[in-house]
Amino acid sequence: MSDSERGNGGVPAWALPVRMRVEAHDGHRWVLYVALGGLLAGAAMAVFGLPPVDLHSPLHYMGVMMPTCGATRAVWAAMSGDLAMSLRYNPLGIVLVAGAFATLLRLAAGLVTGRWVNVRVVSWPSAAVVATVLVIALEVNQQLNRDLLQTSAENATPLATMAVYAAGAVLAAVVAVVSTRSGRAARRAGRVSAR
């Protein structure tokens, strides 16, 4: 087995597909912005309540729950301090809130020490298998909680729902444009450095 197939402590990459390294640079700055946005949204929901939108897929109304069904309510419950209800709505809610707080702790530690904990995927096939198993387990869990998840916000309005979908489409378009441009810039920089 080559050195690239082995990582920390000689563990094969397939057995531990994600590794953490402490480095002198922040390799995940974008995660901070996502975490801050999520925590602000969660705090707003804890104070003002759930948003008046209905973001369910058409399958939801046929009784098929998606792995993300109940995630908004789970984050709302977690940020309100009701971890048991958060877990019932969607285990992902607690993971998202805990991950956001861990990101803030990572930021504080990085700013104080000048060293950053960065996560690297060393085996994409193994990571894909683990992710697939977790998504399937979450889908089964959500399907088992179908009765709870099929309740909708009583104050949901079609106009607010359309506004959220429109904002999501605009955000997706902006992300696509930015990532395309940054990819082109990186390829140009690679060609210039190769000369």
Side-chain angles (χ1 to χ4, degrees), residues 14 17-18 28 30-104 119 121 123-180 183:
W14 63 265
V18 178
H28 305 298
W30 63 272
V31 175
L32 172 64
Y33 302 125
V34 172
L36 285 174
L39 285 174
L40 287 174
M45 286 189 299
V47 171
F48 302 110
L50 290 167
V53 297
D54 185 2
L55 300 176
H56 297 122
S57 73
L59 292 175
H60 178 87
Y61 300 103
M62 293 184 272
V64 178
M65 302 297 107
M66 304 300 286
T68 56
C69 280
T72 302
R73 289 177 280 180
V75 169
W76 163 72
M79 292 295 287
S80 300
D82 191 347
L83 298 182
M85 182 56 78
S86 177
L87 196 58
R88 285 187 62 214
Y89 276 127
N90 192 323
L92 194 57
I94 293 174
V95 171
L96 290 172
V97 172
F101 280 114
T103 300
L104 293 181
V119 177
V121 176
S123 174
W124 283 102
S126 294
V129 167
V130 170
T132 301
V133 168
L134 290 174
V135 167
I136 290 170
L138 186 56
E139 172 65 23
V140 168
N141 180 73
Q142 296 312 91
Q143 205 57 42
L144 292 173
N145 289 313
R146 182 178 66 205
D147 291 339
L148 172 67
L149 297 173
Q150 283 193 307
T151 60
S152 293
E154 295 168 3
N155 60 347
T157 63
L159 184 60
T161 301
M162 288 188 316
V164 169
Y165 277 123
V170 169
L171 181 61
V174 168
V175 168
V177 168
V178 168
S179 62
T180 300

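Predicted model, so just to flag it, every value in this text is computed and none were measured. Computation of the quantities below employed the complete heavy-atom set of this structure, encompassing side-chain atoms and omitting hydrogens, waters and symmetry-equivalent molecules.
Remark: side-chain polar atoms of Arg73 are paired, donor with acceptor, to backbone N or O of Leu149 under 3.5 angstrom. Using modelled atom types, no side-chain atom of Asn141 and backbone atom of Asn90 make a donor-acceptor pair closer than 3.5 Å. Listed for the Asp82 side chain is no donor-acceptor partner under 3.5 Å among the backbone atoms of Ala77. At least one donor-acceptor pair closer than 3.5 Å links the side chain of Gln143 to the backbone N or O of Gly63.
Residues Leu83 and Leu87 have side chains not in contact (no heavy-atom distance under 4.5 Å, counting atoms from C-beta outward). Residues Leu39 and Leu104 form a side-chain contact, since some pair of their non-hydrogen atoms from C-beta on lies under 4.5 Å apart.
Among all heavy-atom pairs drawn from Pro17 and Ser126, the shortest one is CB-CB, 3.6 Å. Scanning both residues, His28 and Val119, for their nearest heavy atoms gives NE2-N, 2.8 Å. Across all non-hydrogen atoms, the minimal contact from Leu138 to Pro67 is CD2-O, 3.4 Å. Contact detail for Gly93 and Ala74: the closest heavy-atom pair is CA-CB, 3.7 Å.
Expressed to the nearest 0.5 Å, how far CD of Gln142 lies from CD of Glu139 amounts to 8.0 Å. Here CG of Leu92 is found 8.0 Å from OG1 of Thr68. Values are rounded to the nearest 0.5 Å. To the nearest 0.5 Å, the span separating CZ on Arg146 from NE2 on His60 amounts to 10.5 Å. Here the straight-line distance linking atom CE of Met45 with atom OG1 of Thr72 works out to 6.0 Å at 0.5 Å rounding.
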Passes side chain to side chain contact (heavy atoms under 4.5 Å, CB included), Met65 versus Asn145? Steps please.
CA-CA 9 Å; Met65 302 297 107; Asn145 289 313; over 6 Å; no
List the steps and the verdict of side chain to side chain contact (heavy atoms under 4.5 Å, CB included) for Val75 and Ile94.
CA-CA 7 Å; Val75 169; Ile94 293 174; over 6 Å; no
